[in-house]
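A quick note: this is a predicted structure, and the numbers were derived from the prediction, not measured.
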Amino acid sequence: MKKIIKIFGFSFVIASLAVIVSAQSFRATLVGRVVDPGGATVSGANVTVIQNGTNFTRNTTTNNNGEYVVSELQPGSYSVKIDAPGFKSAINQDVVLETDQTRRFDVSLDVGSVNESVTVEAGPPTINTETPEKGEVIVQKQVQELPLNVRDFTDLA
């Protein structure tokens with residue numbers, strides 16, 4: 001009987017760990033809202049997200065509230081192009097997405113012909129207002145500058 005209880009307990013622990021591990025994600029999400037110069041939402045705008053290194057492309061359109069969501073993106077640098085009939089295209093070629101991040105990129109489209117485009121130089125804000133999670137990416141320089149007694153990697157844990 002004790003053996004069955006131990007096996008059941010061990011199975012429960014393994015199943016619990018499997019659920020926790022499967023919930024972890026390294027993918028990023030890009031969200032935003034598209035408005036016109038007067039602040040009214042632009043529904044049906046085309047949003048194209050292109051990964052700069054691989055040219056991997058994801059397309060979506062804005063909903064009735066002018067909002068869009070592009071999820072399951074690899075971390076990296078992206079170009080975002082937003083266009084709608086009767087508006088100039090907005091292009092930002094340097095939107096950086098980090099691991100397990102939800103980044104907001106709102107755009108105000110200017111009225112103009114479809115052949116005109118506006119290149120956005122300012123990046124999206126660094127403050128995450130989409131989720132209550134706190135996270136950051138640790139770069140190699142930060143790890144190298146950690147004050148460790150013996151420089152043993154197990155001390156990082």
Side-chain angles (χ1 to χ4, degrees), residues 11-147 153 156-157:
S11 299
F12 180 74
V13 170
I14 296 298
S16 298
L17 291 175
V19 169
I20 292 170
V21 170
S22 68
Q24 300 297 319
S25 172
F26 66 91
R27 304 288 180 143
T29 303
L30 185 67
V31 299
R33 188 169 189 210
V34 181
V35 296
D36 65 9
T41 59
V42 178
S43 62
N46 296 317
V47 179
T48 305
V49 179
I50 304 169
Q51 190 172 23
N52 292 335
T54 63
N55 285 334
F56 172 76
T57 303
R58 295 279 303 268
N59 295 310
T60 190
T61 57
T62 58
N63 62 16
N64 291 337
N65 297 326
E67 297 173 345
Y68 66 92
V69 176
V70 183
S71 59
E72 295 296 316
L73 295 170
Q74 296 274 347
S77 178
Y78 288 86
S79 296
V80 179
K81 179 181 179 184
I82 300 174
D83 54 4
F87 294 95
K88 297 179 186 177
S89 297
I91 302 168
N92 188 331
Q93 297 179 344
D94 192 31
V95 176
V96 177
L97 298 176
E98 295 177 348
T99 301
D100 196 28
Q101 177 186 37
T102 301
R103 175 157 271 189
R104 175 167 281 281
F105 182 65
D106 295 332
V107 173
S108 176
L109 294 178
D110 293 329
V111 177
S113 87
V114 176
N115 297 333
E116 296 180 273
S117 66
V118 176
T119 302
V120 180
E121 296 295 329
T126 57
I127 296 174
N128 180 10
T129 59
E130 297 305 310
T131 61
E133 300 169 353
K134 180 191 179 301
E136 65 183 270
V137 175
I138 299 174
V139 294
Q140 182 178 359
K141 183 178 179 186
Q142 291 172 309
V143 173
Q144 289 173 342
E145 293 177 354
L146 283 174
F153 73 93
L156 291 175

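To the nearest 0.5 Å, the span separating CD on Glu67 from OG1 on Thr60 amounts to 12.0 Å. Atom-to-atom distance recorded for Glu72:CD and Thr29:OG1 is 6.5 Å, nearest 0.5 angstrom. Note that CG of Leu30 and OH of Tyr78 are 9.5 Å apart. Values are rounded to the nearest 0.5 Å. Atoms CG and CZ, on Asp100 and Arg27 in that order, are 11.5 Å from each other to the nearest 0.5 Å. How far CG of Asp36 is from OG of Ser108: 7.0 Å, rounded to the nearest 0.5 Å. Considering OG of Ser77 and CG of Leu97, their distance stands at 8.5 Å, rounded to 0.5 Å.
Shown here is Asn65, whose CG atom has more than 12 heavy atoms of other residues, nucleotides or ligands within 6.0 Å.
Within the 3.5 Å criterion, the main-chain N or O of Val96 finds a donor-acceptor partner in the side chain of Arg103. Using modelled atom types, no side-chain atom of Asn92 and backbone atom of Val80 make a donor-acceptor pair closer than 3.5 Å. Asn59 places no side-chain N or O within 3.5 Å of a backbone atom of Asn46 that could act as its donor or acceptor partner. Side chain of Thr62 to backbone of Val42: a donor-acceptor contact under 3.5 angstrom is found. A donor-acceptor pair under 3.5 Å links the side-chain atoms of Thr57 to the main chain of Asn55, judged by distance alone.
Of all heavy-atom pairs between Asp106 and Arg33, the closest is OD1-N, 2.8 Å. Contact between Ser71 and Arg58 at its shortest, heavy atoms only, is O-NH1, 2.8 Å. Counting all heavy atoms, side chain and backbone alike, Phe26 lies closest to Pro75 at O-CG, 3.4 Å. Gly76 approaches Gln51 most closely through the heavy-atom pair CA-NE2, 4.5 Å. Annotation for Tyr68 and Thr61: closest pair CB-O, 4.3 Å, computed over non-hydrogen atoms.
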Step by step, work out the side-chain hydrogen bond (donor to acceptor under 3.5 Å, both in side chains) result for Asn52 and Ser79. CA-CA 6 Å; Asn52 292 335; Ser79 296; 2.6 Å; yes

